[in-house]
Amino acid sequence: MKDASPQTIYLKDYKPFGYVVDDVHLTFKLVPNSTRVVSKITFSPNPDATDRQFRLHGEQLKLISAKINGSDVSPVMLDDGLMVDAPNETFVWEAEVEIAPEANTALEGLYMSNGMYCTQCEAEGFRKITYYPDRPDVMSVFTVRIESDLPVLLSNGNPVAQGEGWAEWHDPWPKPAYLFALVAGDLVNHPDRFVTQSGKDVELNIWVRPGDENKCAFGMEALKASMRWDEEVYGREYDLDIFNIVAVDDFNMGAMENKGLNIFNSSCVLASPETSTDANFERIEAIIAHEYFHNWTGNRITCRDWFQLCLKEGLTVYRDSQFTSDMRSAPVKRISDVIELRGRQFPEDQGPLSHPVRPESFQEINNFYTATVYEKGAEVIGMLKLLVGDDAYAKALDMYFDRHDGQACTIEDWLKVFEDATGRDLSQFKRWYSQSGTPRLAVSEKFEDGTYTLTFKQHTPPTPGQDVKEPQVLPIAVGLLAQDGTEVTPTTVLEMTEAEQSFEFSGLDAKPIPSILRGFSAPVVLERTTSREENLFLLEHDTDPFNRWEASRTLAREGLIAMITDGVGSDTLWLNALKTAVADSTLDPAYRALLLSLPTQSELAQTLFEQGVTPDPMAIWTATDTLREDMAKSWADILPALVEETKVIETFKPDAEQSGKRALAASVLAMQTRLDGGAVAKAQFETADNMTLQLSALTCLIQADAAEDALKSFYDQWKDDRLVMDKWFGLQVAAAKPADAAKRAKTLTEHFDFDWKNPNRFRAVFGGLAMNHAGFHNADGSGYALLADWLIKLDAKNPQTTARMCTAFQTWKRYDADRQAKMRACLTRISETKGLSRDTTEMVSRLLG
Ligand code: BES
Ligand code: ZN
């Protein structure tokens with residue numbers, strides 16, 4: 001068990017470790033509940049450190065023996081490791097420990113999943129494998145020997161030698177312990193090769209359980225595309241003879257970038273048309289790229305300490321989004337990212353869990369792999385690039401790789417290369433890393449004597465621990481349109497640095513219509529009371545695809561808010577304008593599908609809350625449902641043409657073109673279902689030859705209350721496929737009517753196939769519940785209570801996944817007194833659980849404030 005008494009770690013307390021590690025030799029004798037790990041590590045005094053205390057991290061280890069320079073020593077045993085007197089010169093530390101991978105349900109350290117051994121060491125899991133200075137600024141070369149009867153034995157780096165029952169690996173690149181990995185199992189591979197820019201031949205493998213080998217081809221193509229892209233766009237080549245990916249069924253996260261041996265949640269790598277949706281394919285492509293890109297941004301250049309997490313994660317998310325934009329459609333990717341940012345990061349930044357992109361303290365680092373570190377961290381890089389320009393960005397990145405290869409770095413190092421490459425002073429820009437909260441940007445305009453003036457005011461509301469906010473540097477991309485829709489001023493980036501600032505555009509014939517924050521050039525909330533006419537105009541004419549979409553989204557949001565608060569009907573002017581855009585076959589179907597997506601119910605709740613109205617989840621659900629109904633009825637005449645247009649006759653391909661068509665087709669099917677009660681959906685369900693079509697039909701049938709047979713036959717068809725069964729579990733809850741969601745979730749937890757210790761299955765049901773806004777917030781509190789019961793149960797087995805799922809409660813202060821009291825009671829009940837993990841203790845206490 002981890003130490004439950006919370007200890008807070010501060011960025012300002014950073015001190016280098018007293019020793020450097022010259023090399024590491026590890027021997028693993030794999031046995032399910034009595035694995036022996038023998039370590040032989042050479043340490044030398046660190047000239048950059050003053051404190052020579054020799055203290056190693058270690059958790060849940062049984063120490064068998066410890067030696068320094070060949071002589072037995074008796075370390076002082078601590079809660080989180082050990083301490084021993086060590087020489088002030090180079091010495092060899094040897095230890096043997098015993099661990100129990102089969103009993104490890106936390107899925108951190110060395111554990112077992114379906115008979116296969118695997119590891120997850122980021123952030124602080126290596127200390128559950130052996131005693132070690134488990135911190136990212138201690139880097140070393142590793143040699144690993146694995147002894148096991150299992151046929152496939154893998155670790156980082158290149159294979160050195162192997163024999164009957166053993167294998168040896170050597171990783172020549174110094175790395176922190178969090179990038180260590182080991183896999184042993186009865187696995188089969190999907191092999192391929194890649195020749196790098198400089199002609200180096202690299203062996204590629206995707207390792208899976210027998211039976212899954214036909215689900216690897218797509219991931220392999222994505223890997224090769226990522227390798228090529230990183231060479232072409234960032235000039236970065238792969239640096240080992242072999243690159244292995246392994247699929248694991250039990251995994252807390254999506255995937256992990258261990259050097260030369262990436263480990264993936266099987267849901268993020270295995271794909272086939274029959275079992276994976278287009279969204280799955282797109283996610284797999286992105287995550288394979290993300291983990292591969294870490295080889296340079298994360299592994300070759302790593303983090304000095306975990307406060308610098310955004311150094312690798314923000315940058316790598318930014319890089320993987322550039323990759324997806326290049327492989328697919330840039331506007332569609334940008335809009336999807338902003339939907340995600342508003343759906344996940346904004347609520348976090350506006351609630352009790354708000355924290356800076358670079359936090360200054362934590363209790364459990366696993367709780368800081370957040371939307372803020374990842375998504376806002378990526379937005380910050382996008383802003384930096386917009387401010388300095390593409391060429392300077394490329395120059396700064398080259399400088400970053402040259403200067404810091406092989407080092408463990410900080411945000412200061414990162415910003416310094418931009419300062420050196422551009423001569424800019426980035427001290428104010430640095431506030432993006434230290435100031436939490438979402439800035440709000442108000443806009444007013446003036447037109448006089450041919451000069452158009454835009455005045456902006458920025459303001460960031462207080463967040464936990466930060467009452468006073470300073471102005472941020474905001475790149476505001478603006479374009480100006482004439483009344484006839486032509487662009488009179490193309491996109492210009494205004495650089496706002498003051499709390500209030502005006503920008504002038506002169507030489508204009510008439511008052512223009514502004515298109516502000518094009519491409520969502522800064523992660524802020526734009527507070528602008530744009531008239532309905534102006535938004536309708538932008539929906540029709542804006543040349544910036546993001547803002548065109550944004551105009552419609554704003555109209556949808558304002559229309560829904562009016563329906564909720566004033567009881568008015570749907571905005572027919574907007575519905576008609578949108579209908580024209582959606583019927584416009586010159587527009588990308590994927591883009592039209594996004595135009596059709598409504599603001600989420602959670603987003604509407606947040607908007608109401610900001611306007612001082614207590615959100616009623618059921619009223620929000622009803623308004624959304626009414627709008628969908630009106631949309632279906634008033635668009636009935638364009639549906640047949642859309643059905644024709646979105647038919648895919650070619651062989652299935654999960655590319656942007658086909659998946660765009662299928663996304664639009666799914667929206668059309670949802671409208672048809674409202675008109676025909678599910679007849680077309682039923683037919684589609686029965687004839688579908690790919691999971692995208694099958695699942696979109698099933699969703700419609702659930703929403704039409706006509707899914708009973710389909711759910712049964714889906715189960716019979718897919719009961720042996722774990723990943724598809726996750727969809728079956730999740731969808732029933734996520735798409736359920738509000739009154740049924742918690743009941744359905746409860747029933748599913750009693751299902752024979754509900755393996756709650758598997759994070760994917762647990763997340764399917766409870767992630768589905770949390771996503772069902774009105775269902776989760778059902779007035780009787782049954783959604784809250786059910787989730788709390790299960791979080792308490794899961795915490796004893798898997799603290800990391802439990803703590804992450806506590807975020808379902810992060811918006812609790814938005815709601816009415818009764819719901820607040822019910823949620824507070826659940827959080828309190830969780831917090832009072834005996835033996836609660838450090839992870840969940842920290843989350844719940846922050847949530848309670
Ligand atoms: N390094 C992380 C994986 C990780 C996260 C390990 C938290 C330990 C704790 C990996 O690179 C990552 O960021 N994975 C993401 C997916 C990615 C596409 C954003 C994930 O697992 O969700
Ligand atoms: Zn990452």
Side-chain angles (χ1 to χ4, degrees), residues 106-109 111 118-128 134 136 175-181 219 222-223 226 230 245-248 250-269 279-303 306 308-324 327 333 336-337 340-341 344-345 357 359 362 364-379 381 759-760 763 767 798-805 807 839 843:
L107 314 183
E108 196 185 46
Y111 64 95
C118 64
T119 54
Q120 171 53 43
C121 293
E122 187 178 2
E124 299 180 334
F126 191 73
R127 61 190 64 184
K128 292 172 143 190
D134 187 8
K175 66 167 175 292
Y178 83 85
L179 291 172
F180 168 81
L223 174 60
S226 310
D230 214 15
I245 286 179
V246 180
V248 182
D250 299 279
F251 200 75
N252 283 331
M253 301 291 293
M256 177 64 208
E257 71 265 26
N258 316 300
K259 184 78 188 192
L261 179 52
N262 288 3
I263 298 185
F264 275 63
N265 186 320
S266 49
S267 72
C268 293
V269 53
N280 294 148
F281 280 103
E282 186 173 335
R283 164 122 174 113
I284 289 167
E285 184 178 275
I287 192 162
I288 289 199
H290 178 98
E291 306 312 337
Y292 175 74
F293 295 159
H294 269 314
N295 192 52
W296 275 95
T297 53
N299 301 3
R300 291 284 288 255
I301 304 180
T302 194
C303 302
W306 292 117
Q308 320 296 329
L309 183 59
C310 64
L311 180 77
K312 74 175 178 82
E313 294 301 348
L315 176 55
T316 306
V317 170
Y318 184 71
R319 275 154 48 72
D320 82 54
S321 74
Q322 287 182 303
F323 170 76
T324 300
M327 303 296 287
K333 173 62 174 162
S336 314
D337 281 351
E340 188 83 358
L341 186 78
R344 283 161 28 91
Q345 200 276 327
V357 170
F362 62 75
E364 172 51 63
I365 183 57
N366 281 327
N367 290 336
F368 285 86
Y369 286 74
T370 60
T372 297
V373 170
Y374 275 67
E375 294 170 19
K376 192 176 177 181
E379 290 297 317
I381 292 171
N760 291 0
R763 271 192 294 258
N798 186 336
Q800 204 179 318
T801 292
T802 307
R804 293 196 138 249
M805 298 214 54
T807 53
D839 310 54
M843 284 303 270

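Start at 1 and go down the list; that is how both ligands and their atoms are numbered. Here the structure is a predicted model, which means the values were calculated and not measured.
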With no hydrogens and no angle check, is any side-chain donor or acceptor of [X] less than 3.5 Å from a backbone partner on [Y]?
{"X": "Asn252", "Y": "Glu108", "answer": "no"}
{"X": "Thr316", "Y": "Thr297", "answer": "yes"}
{"X": "Thr807", "Y": "Arg804", "answer": "yes"}
{"X": "Glu291", "Y": "Phe293", "answer": "no"}
{"X": "Tyr292", "Y": "Asp230", "answer": "no"}
{"X": "Asp839", "Y": "Ala803", "answer": "no"}

Practice item. Measure the spacing between CD1 of Ile245 and CG of Leu261 and express it to the nearest 0.5 Å. Key: 9.5 Å
Revision key, fill the gap. Interatomic distance, CD@Glu282 vs CD1@Ile287, rounded to 0.5 Å, equals 12.5 Å
Numbered atoms and elements of ligand 1 in range of [X], under 4.0 angstrom, heavy atoms:
{"X": "Glu257", "value": "1 (N), 2 (C), 10 (C), 11 (O)"}
{"X": "Met256", "value": "1 (N), 3 (C), 6 (C)"}
{"X": "His294", "value": "11 (O)"}
{"X": "Ala255", "value": "2 (C), 3 (C), 10 (C), 12 (C), 14 (N), 21 (O)"}
{"X": "Lys312", "value": "1 (N)"}

Could you check [atom] against the protein and tell me its nearest heavy-atom contact, residue, atom and distance included?
{"atom": "atom 16 (C) of ligand 1", "answer": "Ile287 CD1, 3.6 Å"}
{"atom": "atom 14 (N) of ligand 1", "answer": "Glu291 OE2, 3.2 Å"}
{"atom": "atom 13 (O) of ligand 1", "answer": "Tyr374 OH, 2.6 Å"}
{"atom": "atom 7 (C) of ligand 1", "answer": "Tyr369 CD2, 3.0 Å"}
{"atom": "atom 21 (O) of ligand 1", "answer": "Gly254 N, 2.6 Å"}

Review point. Should the ring pair Phe362 and Phe368 be called parallel, tilted or perpendicular, given that the plane angle runs from 0 to 90° and is split at 30 and 60?
Key: tilted
Check your understanding: Relative to each other, are the rings of Tyr374 and Tyr369 parallel, tilted or perpendicular (30° and 60° limits)?
Key -> tilted
**Study point:** 2.8 Å cut-off met by an N, O or S atom of Glu313 to the Zn ion (ligand 2)
**Key:** yes
Can you find an N/O atom of [X] closer than 3.5 Å to an N/O atom of ligand 1?
{"X": "Glu122", "result": "yes"}
{"X": "Glu313", "result": "yes"}
{"X": "Ala123", "result": "no"}
{"X": "Gln120", "result": "no"}
{"X": "His290", "result": "yes"}

